[in-house]
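A, B, ... follow the sequence lines: proteins, then strands. Residue 1 opens every chain. Basis for what follows: all heavy atoms, side chains included, without hydrogens, waters or symmetry-related copies.
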Amino acid sequence: MVEDESPLERERRAKVVRIRAAGGEPYPWSFPGRLPTSEVAARAKALEPGTHATGGDPVAVAGRLRTTRTHGKTSFLDVDDLAGSLQLFVRVDELGEERYQRILADTDPGDIVGARGVPLLTRRGEPSLLVHELEILAKAIHPPPEKFHGLQDPEERIRRRYVDLLASPETRQRFVARSLLTRELRAFLDGERFLEVETAALVPTASGAAAEPFRTHSNYLNGPLQLRISLELPLKRLLVGGLERVYEIGHVFRNEDLDSIHSPEFSELELYWAYADYTDMRALAERMYHRLAQRIAELLPESPAAREAPERFRPPFATVDYVTELERRSGISDLLSKSPEQLRALARAAGANVPDDSSAGKFLDKLFEHYVEPTLERPTFVLDYPALTTPLAKRHRSRPGLVERFELFSQGVELGNAYTELNDPDEQEERFRAQLKGRGDDHYAYDADFVEALRFGMPPASGFGLGIDRLMMALAGIPSIKDVILFLPVRPRPT
RNA sequence: GGGCCCGUAGCUCAGUCGGCAGAGCAGGCGGCUCUUAACCGCAAGGUCAGGGGUUCGAAUCCCCUCGGGCCCGCCA
């Protein structure tokens, strides 16, 4: 392994040896009492330029050394932590010749260091720490990416996200923002008296959506299991059980390709609300998106898209009717009276590559994707889908052939999906059976135990599902899902 | 799965018509007590993704393989 190292890495290993030989420890156990760099910078800014704090206790910062500027007997070292960055002012006058030279000789960009000293504002007005002591907290053997351009190679940014993170404050802030956005989402739902639950990711048969599952094997069961493709059916069982308002945030898995808006493993939120319908849910969704938009604007003030999010997601959102809008955009009339063969021909004419044995619902979806979705630029609710497309939603109370469903689109991308939930067990059983007859690749797996659960009585309810990754993309204006997921599936690196 | 493009030093990138493998950053040595992409000087650093072919000669042209990006197709 040592043979594979670059000259730079050999040089750094030599420093490790040298530090130990001098009685030092390049990987110490702790560094107590540090403050965020932002805190020390704030104290420094309160000083007159060219002065440092006098009296009072010394302060400490710790973080990754980014760069060193040496001017003979004075040096400037920039240290990054999660809060920001601070310049360390290192001077032979404070440290003595021997310690000063040793610090410069032993440290490299990329090292984790800790420094103690007093706040100082330079003559040029740069907040700094006048260093009394500096120690290496973790010696880096690999050099960090180039200090100005950072890590540019898109492959390396995904394979070694930690390097992307350590080299790029923007990447760090993006993922911090995502985490805090999810926290805000939980706070909102908790405030609405929803109960967070966790259901099984390993299931006998993945259902609740039309997608190819990952398949695995259980030694305990001595039989096959699948990874869930949706959270829907377990959560509705909890409504049967009386939990009334539940939500889950978790990963679902779909054995499909990765592209700029799809990942095989992604984060989903689903919530289920007893005694409410999809109109109630639409109002809740609007309030939720608006609150999250306000939060992202606070979290990413440098991002123009994030700053505009509160205005963009200000209720009420635009609405269009599914069938009306599809007929208007496509020029096709009487869509709901078309035969599956006619719909297939229309879908093919619109450029969709669909197998012959797909369901009529699939053909309709393809038409909608082609004619309507690209036009949905502003956040827009699409209302009342054909029943053919949606086997788990309740039939519309007044519009035959339709179900009570909405989806939210923004910039042509689907952000969320909600129904008034189907709770008639006999109708659910019939819809599952109709799915199986389609025999295409787009059916929902029959879940007999779920039908059994409905026979115990599920209260009228509405459910809503959305992808957390796409939520983050839409609010923060990030075009690729690869930039909002920390660790993506990657092929093994060739040896 | 199909098409197009990319892979050169640890990192960011040049490399023309096929003719000695280049720069900046980082690292080494020397200089510099308020710099901030610090600066100045010297020396060092390469499996040009991997394999094969054409050629007097290949980073450069051709073929194959691996990895990646974008677009299209598919799940959201």
Lys73(A) side-chain N/O to C32(B) phosphate OP1/OP2 under 4.0 Å: no
Complement of C42(B), any strand, by Watson-Crick or G-U distances under 3.5 angstrom: G28(B)
Sugar-phosphate, base or nothing in reach of Gly110(A), heavy atoms under 4.0 Å: nothing
Salt-bridge present (Arg159(A), Glu156(A); N to O < 4.0 Å): no
Pair of N/O donor and acceptor under 3.5 Å linking U35(B) base with Glu126(A) side chain: no
Lys482(A) side chain near C70(B) phosphate (N/O to OP1/OP2, under 4.0 Å): yes
Pairwise side-chain contact, Leu335(A) with Leu364(A), heavy-atom cut-off 4.5 Å (strictly under): yes
Lys139(A) and Asp108(A) ion-paired at < 4.0 Å: yes
Lys15(A) side chain near G27(B) phosphate (N/O to OP1/OP2, under 4.0 Å): no
Side-chain N or O of Arg491(A) closer than 4.0 Å to phosphate OP1/OP2 of G68(B): yes
For U60(B), the Watson-Crick or wobble counterpart (both distances under 3.5 Å): none
Aromatic plane relationship, Tyr289(A) with Phe313(A) - under 30° parallel, 30 to 60° tilted, over 60° perpendicular: parallel
Arg69(A) side-chain N/O to A38(B) phosphate OP1/OP2 under 4.0 Å: yes
Sugar-phosphate only, base, or nothing, as touched by Ile261(A) at under 4.0 Å among non-hydrogen atoms: base
Under 4.0 angstrom between Thr67(A) side-chain N/O and A38(B) OP1 or OP2: yes
C29(B) versus A44(B) - spacing of their C1' atoms, nearest Å: 10 Å
Residue-phosphate contact under 4.0 Å: Arg91(A) side-chain N/O, C34(B) OP1/OP2: no
G10(B) base stacked by His142(A) (centroids within less than 5.5 Å, tilt under 30°): no
